[in-house]
Structure formats: C-alpha cells, structure tokens
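The chains referred to below are lettered A, B, ... by the order of the sequence lines, with proteins before strands, and numbering in each begins at 1.
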Amino acid sequence: MDKDNGHILLNTGAFIHNAIRTDLEGRLCDLRTRFPPEPGGFLHIGNARAVYINFELAKIYGGKCNLRMDDTNPVKEEAEFVQAIQDEIRWLGYEWDGEVRFASDYFDIFYDCAVDLIKKGLAFVCDMSAEEIRASFGGIDKAGTESPYRNRSAEENLDLFERMKNGEFPDGSRTLRAKIDMASSNLNLRDPVIYRITRKTHSNTGDKWCIYPMYDYAHPLEDAIEGITHSLCNVEFEDHRPIYEWYVNRLDRFTVKPRQMEFASLAVTNTVMGKRHIRKLVAEGKIGGWDDPRLVTLSGMKRRGYPASAIREFLGATGVAKAQSTADFGLLEHYVREHLKPMSKVVMAVLEPLKVIIENLPEGVTETLDVPYNTDDPSAGSRAVPFTREIYIERDDFMEVPEKKFFRLAPGKEVRLKGAYIVLCTGVEKDAEGNITAVRCTYDPATKSGAARTPQGDSGMQTDGAETRKVKGVLHWVSAEAALPIAAHLYDTLVLDAPETETGWVENPNSMVVMENALAEPSLANATPDDRFQFMRQGYFCLDEKKASQGGKPVYNRTVGLKSSYKPPAP
RNA sequence: UGGGCUGUCGCCAAGCGGUAAGGCACAGGACUUUGACUCCUGCAUCCGAAGGUUCAAAUCCUUCCAGCUCAGCCA
C-alpha cells in the first residue's frame, strides 16, 4: 500500500547516488544530510523536493538528516515559521535527527573562525560602503578593483573586527571580507563579504550581536559543525561551491569536510510559488492566505486534501537531475487520485440540484437502502441511504432534448439511481419562464440494487427475478428530505497555461467555484476533516479544516476531480 | 559579452560504447450499478545540430546552436 519508500528516488539522481556511494566508501563515516530552511515563509512543493531528497537519501543510505533553521539574517516574527516548518515536515512524513538546530546557535563559532581567517591573512576589515563595494566589483566580463583596505595588518584587522562586534561602528560602515580574488571570473570569489554590521534584534540571540554572517560564509561552517557529509542544494548555488570549499578547506578545526552537491529546483505548471507573488495574491484578495487550497504550499495542499504520500511519490517521480524541468500539474493530480482512491469512501452529493419526483413512490415513505462505500472493495463497508419520493440529481444529468450518446436522464429514457432502482423519465415541470424546475419519473421496484447479489460478486450486481435490464447511465442522487446542505468549493489551477515567469502569468478567473446549494447524503453528518470522500462522479472531497460557509454550512473542498472521457458531441 | 550548468517523445525521466526502460498526457478498444477504476493496444529508426573516431555512439572527440544561472552588506 505504501508504495513510496524511497525506492523511487533510487531510480533517479544517479549523479548523487554515485557521489554518495563513492564518498561513503572512503570516509568511514555515515551519511548525514540536512534540510536548512530560512524561517521566513511557509514551505511549498518546491521546498518539499529538498525535504524529500535530503530525508530520503538519509533513509536509503542509513544516514541521518538534520533540520536546521538558517537564521543568519535576523527577520521579524520567525517563531511562527519555525513552528510551521516543523509541522509541515512532519506532515510530509519525515522526522529529523535530534533537536531542531539553529544557525544562530553557532554565532560564537562563526566569530572564532573569522578571527582564524584574519590571523591567516585571509580576511580583512573593509571600510567601503555598500555602494563603493558594488562599484569596485567590476562586471561580468570585467575584473573588479581591490579594496584600498585589503592589505591591513592582521593586528589592525583583529582590532577593527572586535570593535565591529562591540558595536563601535554604525550599520553598514564596515564589513569583514574574505581575501580571495577580485579578478575571478566567478563573481562569488571577488572578496566576498563575511560579516556585515546591522543592528537588528535576532529572534534567537536578541541584541547580543550587531554583526551577522553572510550565507556563503555561514552555510559551509554550519554543515561542518553538524558533521554534514553531503550538502544538497539548488543548482543556483553551483557558482557558490568554490566559495563553500574555500571556507571549509581553510578552517582547520573541521575534520569532516562537507561536500556540496546541486540539483535542479522543481517548477510546476499552472501555479505560482514565489513568495512575493503569493503575497501579492493575498494582498489583492485573490486567494485567502498561505494555506489557500489552490496554492501548492504544504499547508494549502494539506487543506485541499492532498495525501502526503501522494506528494512524496510525485516528488520521487519528478526525479533528481540537474536539468531545469517543469512538471505538469496533471502529474501531481494523477498521484493524488491514485493515493486517494483506496482511502476514500464513495458517497453521493449533488452539486447543482435538480428535483426529481418519483411518481409511483408515495409521500412519506422512506426506504432505507444499504449502499456499499466502494463497489470495488467490499471491506470498505456500507452505509444507509434513504430513498424517498422527492430526490435531487445533478442538473447536468438531465437534458430535455438529449444530445447524441447522452447516457443520463431525458424524457422517455431510463437510468439507474446508484444503489437504488432504475427510473424512467415521464415528464418535466417548468416555471413561467420555461426553466425546468423538476423532472418526473417512475421507478421500477423490480430493479432494486444488489437484491440478489452473489456472495462472491462474481457476476457483479444482479437483480432478482426476471429483471435483467441494463441501463447505460448510473446517476448519483440524494433524498430531498434527508439531504444535508453543504457548500462545495471546486478548484482549478491558479494560473492558465504557462508556469510562473518573470513577466507574470495569466490568472485563471475560475480557480475557485463555490457551489453554495450543494446537497450531500445524510451519512456525511459526522464527517471530520481527516475523512476522505469521493463524491460519486464528481471527484474527491474533504471537509475544510477551518472554514464554514456564510450560511454555516460545512465547506467541502474538491481535492481533485475525476478523470472523464466524456466528450459532448461537437455542435 | 566572461564564468558555471543543462539539452533523450507534448511533460517528467532511465540509459554511461552494443543497437532508445518507465510514468503522465494523448488516441483506439474491452470491462463497468462511478462516462471513474482496471485491463489491452498504439505513441522517439531516434537522443539540440553538424562533422569525426569505432565493426558498433544518445553514450567518446570537435565545432556550433539553444536554454538556465551569477555583479544583495538576502538565503
């Protein structure tokens, strides 16, 4: 049942596997990876790929994976994210080794290492402003110019750096820089900044520090401190590997040298993942928030009803490579359906109700039918469904003048009501404007569902007696008097066609359609957000975990629709 | 324009010198009390392009082309 044990990952990312196997043989130490988010936002499916890769790799090779908050730059209100990120990773199905770690816990070590670099003549305090540094940087095809402060003595640098730490200089007035090569074709090597002065209160260290380390400097040290053997990151950091190695190799205190490897980040069609894009959509009121079910944030996908196992399999299926790729949203949906199928109860709900009157069933009579939750899986059990004179069917399931190959209800035609009887349409009721207000039918009592079903079910559903009629159409329905009013939220992709681009995207105006008058069968009265349902012929739904409709009705999110090969005939 | 990386079916993706796996999508068909599921069948004489090496190349070499990426005191 659990088909994603990481074996999928073994079928991809050969370059990583090869590197790990080779490294593991020589070093006599266990694999240790890490997932190092900056606690400044919620995780989305792109981040989830990094989570997946790091944790699954550790699992495959019997190693460990750390969770580290990369909080080298003080940001406000990160406590919320620190907790959310942990919840999201656990929901995805992973547990990190030991406690959550914080880069800020290593600030003292970072400082000591910087002192080491200064003593070795590998770092210097630079008095240039940000603008001046930028101006001296040169260009993509032009060497930069060296800082006039580059050749200060170690003693002077030590003194200045300590005073930087002690708060003697204003924000941005000085930096500590690595002394590498201002002419390097790799821009990251042009005397990169190691420390900047910025008086911001850090959520973890408070006001202890007024100097904070840069990512390029801190990250390799964090990895080395934690004994990370393989530091997996996005290809955009490929250019940073030389600087990563430069620091790691110049600091003697680290015996295990972590190795950075890169993989391409994951893009998905028809959605937006960028932090600022999402923020914009929220600000404009286009979506409800970071956990909007239309978003591919982990909280959004959870709320929408995506099983974590489906996301994991999707992540495995899209592979680990260095080539930039954009996965079809449809592939994600495929795995969501596949995982939802065995865990869902098939129930009936009518999204857009049309009344049907069963003429030959007296008023006040309720027949209680026992309908299996899953025709394909008897072990799923069954529930009671009331059948009454007035019921509702889907408006789309009736056509007064049926088109070709319309297998549903139309005057003079027969259909089966799922779990009940075959009904024959005898007429239509209309209002003054000619709108159809109700459909009249008669039911055939001899066609009761499963009346003589064989125990093995080898011949499927049989009817008793001589009734052997088969009808092509099987409709879902709900009893008018027992129906539960619900609101159904139908989602579509946020973006039409193209994936997120620099220039923007085409929003889908119908990314959410609210069916305010939907009706569900009474068995849903005790549903919880953890339940998974398939609304027969409509798709997979789950009870929204935080929302109730205006009228106080429960809100059901359509996780994903069912596939359909039904094509209306061309006009 | 300098550096780095990448280019196998519409989308992912195996393949690593021996004659193009698989999944999604798509198109037919079977089955069906979900037009779902399931099950068959089809879907790259070709691996960005052009040369070359070899008995043999997507895999090696050369050149070219295209895409992504880098000039925060962000991560």
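Annotation: side chain of A:Pro353 is in contact with side chain of A:Leu519 (closest heavy-atom distance under 4.5 Å). Looking at heavy atoms from C-beta onward, A:Glu222 lies in side-chain contact with A:Thr72 at the 4.5 angstrom threshold. With a 4.5 Å cut-off on side-chain heavy atoms, A:Arg190 and A:Arg177 do not count as touching.
Taking the nucleotide of RNA chain B with the nearest heavy atom to each of A:Ala321 and A:Asn18, the more 5' of the two is matched to A:Ala321. With the nearest nucleotide of RNA chain B identified for both A:Met214 and A:Ala420, A:Ala420 has the one nearer the 5' end.
Geometrically, A:Lys165 engages A:Tyr111 in a cation-pi contact defined by less than 6.0 Å to the ring centre and at most 45° from the axis.
Nucleotide B:C9 forms a pair with no other nucleotide shown, judged by Watson-Crick or G-U wobble geometry with both contacts under 3.5 Å. Pairing for B:C37 is absent, judged as Watson-Crick or G-U wobble with the two contacts each under 3.5 Å. Nucleotide B:C26 forms a pair with B:G42, judged by Watson-Crick or G-U wobble geometry with both contacts under 3.5 Å. Nucleotide B:U63 is matched to B:A49 when pairs are restricted to Watson-Crick or G-U wobble geometry with both distances under 3.5 angstrom. B:A20: no Watson-Crick or G-U partner with both key distances under 3.5 Å is found in any strand. Nucleotide B:C68 has B:G4 as its partner under the Watson-Crick or G-U criteria, with both atom distances under 3.5 Å.
With C1' as the reference atom, B:G18 and B:C31 are 43 Å apart, rounded to whole Å. With both ends at atom P, the span from B:G23 to B:G7 equals 23 Å, rounded to whole Å. A gap of 11 Å separates the P atoms of B:C46 and B:A50, to the nearest Å. Remark: the separation of the P atoms in B:A56 and B:U19 is 15 Å, to the nearest Å. Only the C1' atoms considered, B:U59 is 16 Å distant from B:A21, to the nearest whole Å. B:C26 and B:A66 have their C1' atoms separated by 27 Å, given to the nearest Å. For B:A14 and B:U6, the P atoms lie 13 Å apart once the distance is rounded to whole Å. For the P atom pair drawn from B:G52 and B:A44, the interatomic distance equals 28 Å after rounding to whole Å.
Residues A:Arg163 and A:Glu168 are paired through a salt bridge, judged by an N-O separation under 4.0 Å between the basic side chain and the carboxylate. Salt-bridge annotation for A:Glu521 and A:Arg383: present, with a side-chain N of the basic residue lying under 4.0 Å from a carboxylate O of the acidic one. A salt bridge does not link A:Arg408 to A:Asp396: none of the charged nitrogens lies less than 4.0 Å from a carboxylate oxygen. Salt-bridge formation is detected for the pair A:Lys322/A:Glu238: a Lys NZ or Arg NE/NH1/NH2 atom is positioned less than 4.0 Å from an Asp or Glu carboxylate oxygen.
A:Tyr306 has its ring centre no less than 6.0 Å from the ring centre of A:Phe314.
Among the atoms of the strands shown, base atoms are found under 4.0 Å from some heavy atom of A:His240. Counting any heavy atom pair closer than 4.0 Å across all strands shown, A:Gly419 reaches a base atom. Within the nucleic acid shown, A:Asp239 comes within 4.0 Å of at least one base atom, counting heavy atoms only. Using a 4.0 Å heavy-atom distance criterion, A:Ala317 is classed as a sugar-phosphate-only contact. No contact: A:Leu475 has no heavy atom under 4.0 Å from any strand. Looking at heavy-atom distances under 4.0 Å, A:Gly13 makes contact with sugar-phosphate atoms alone, never a base. Note on A:Phe237: a base of the nucleic acid sits closer than 4.0 angstrom, heavy atoms only. As judged by a 4.0 angstrom heavy-atom cut-off over every strand, A:Met348 is placed among residues making no nucleic acid contact.
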Query raised in the report: Base, backbone or nothing for each nucleotide of nucleotides 34-41 of chain B, written B, S, -, heavy atoms under 4.0 angstrom, 5' to 3'?
Result: BBBS----

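Taking side-chain N and O atoms only, A:Arg190 has no distance below 4.0 Å to OP1 or OP2 of B:A71. Here A:Thr12 reaches the OP1 or OP2 of B:A14: one of its side-chain N or O atoms lies under 4.0 Å away. Proximity of A:Arg196 to the phosphate of B:C74: a side-chain N or O atom is located under 4.0 Å from OP1 or OP2. Taking side-chain N and O atoms only, A:Thr72 has a distance below 4.0 Å to OP1 or OP2 of B:A75. Note on A:Lys142: every side-chain N or O is 4.0 Å or more away from OP1 and OP2 of B:A71.
Applying the 90° cutoff around 0 to the glycosidic angle, B:G4 is assigned anti.
Taking the six-membered ring where the residue is Trp, A:Phe533 and A:Phe535 present tilted rings, their angle falling between 30° and 60°. Ring orientation note: the planes of A:Tyr244 and A:His219 are tilted relative to one another, at an angle of 30° to 60°.
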Between protein and nucleic acid, restricted to nucleotides 5-10 of chain B and to nitrogen or oxygen atoms under 3.5 Å apart, what atom pairs and distances do you find?
residue	atom	partner	partner atom	Å
B:C5	O4'	A:Glu238	OE1	3.4

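The base of B:G22 does not come close enough to the side chain of A:Asn11 for any donor and acceptor atom to sit less than 3.5 Å apart.
The listed nucleotides are B:U33, B:C24, B:C12; the one nearest the side chain of A:Arg416 is B:U33. Residue A:Asp141 has its side chain nearest to B:U1 when only B:G72, B:U1, B:G3 are considered. Comparing B:U33, B:C70, B:C12 by their nearest atom to the side chain of A:Leu187 picks out B:C70. Comparing B:A71, B:A75, B:G4 by their closest approach to the side chain of A:Phe137 singles out B:A71.
Between A:Leu160 atom CG and B:C73 atom P there is a gap of 19 Å when expressed in whole angstrom units. Residue A:Arg174 contributes atom CZ, which lies 17 Å from atom P of B:C73 at whole-angstrom precision. Per the geometry, CG belonging to A:Leu331 stands 8 Å off P belonging to B:A25, to the nearest Å.
The side-chain contact (heavy atoms from CB on, under 4.5 Å) with A:Ile45 is formed by just one residue from the set A:Thr271, A:Leu315, A:Val51; it is A:Leu315.
Applying the side-chain hydrogen bond (donor to acceptor under 3.5 Å, both in side chains) rule to pairs touching residues 127-139 of chain A yields A:Asp127-A:Arg152, A:Asp127-A:Arg174, A:Ser129-A:Glu131, A:Ser129-A:Glu132, sequence neighbours excluded.
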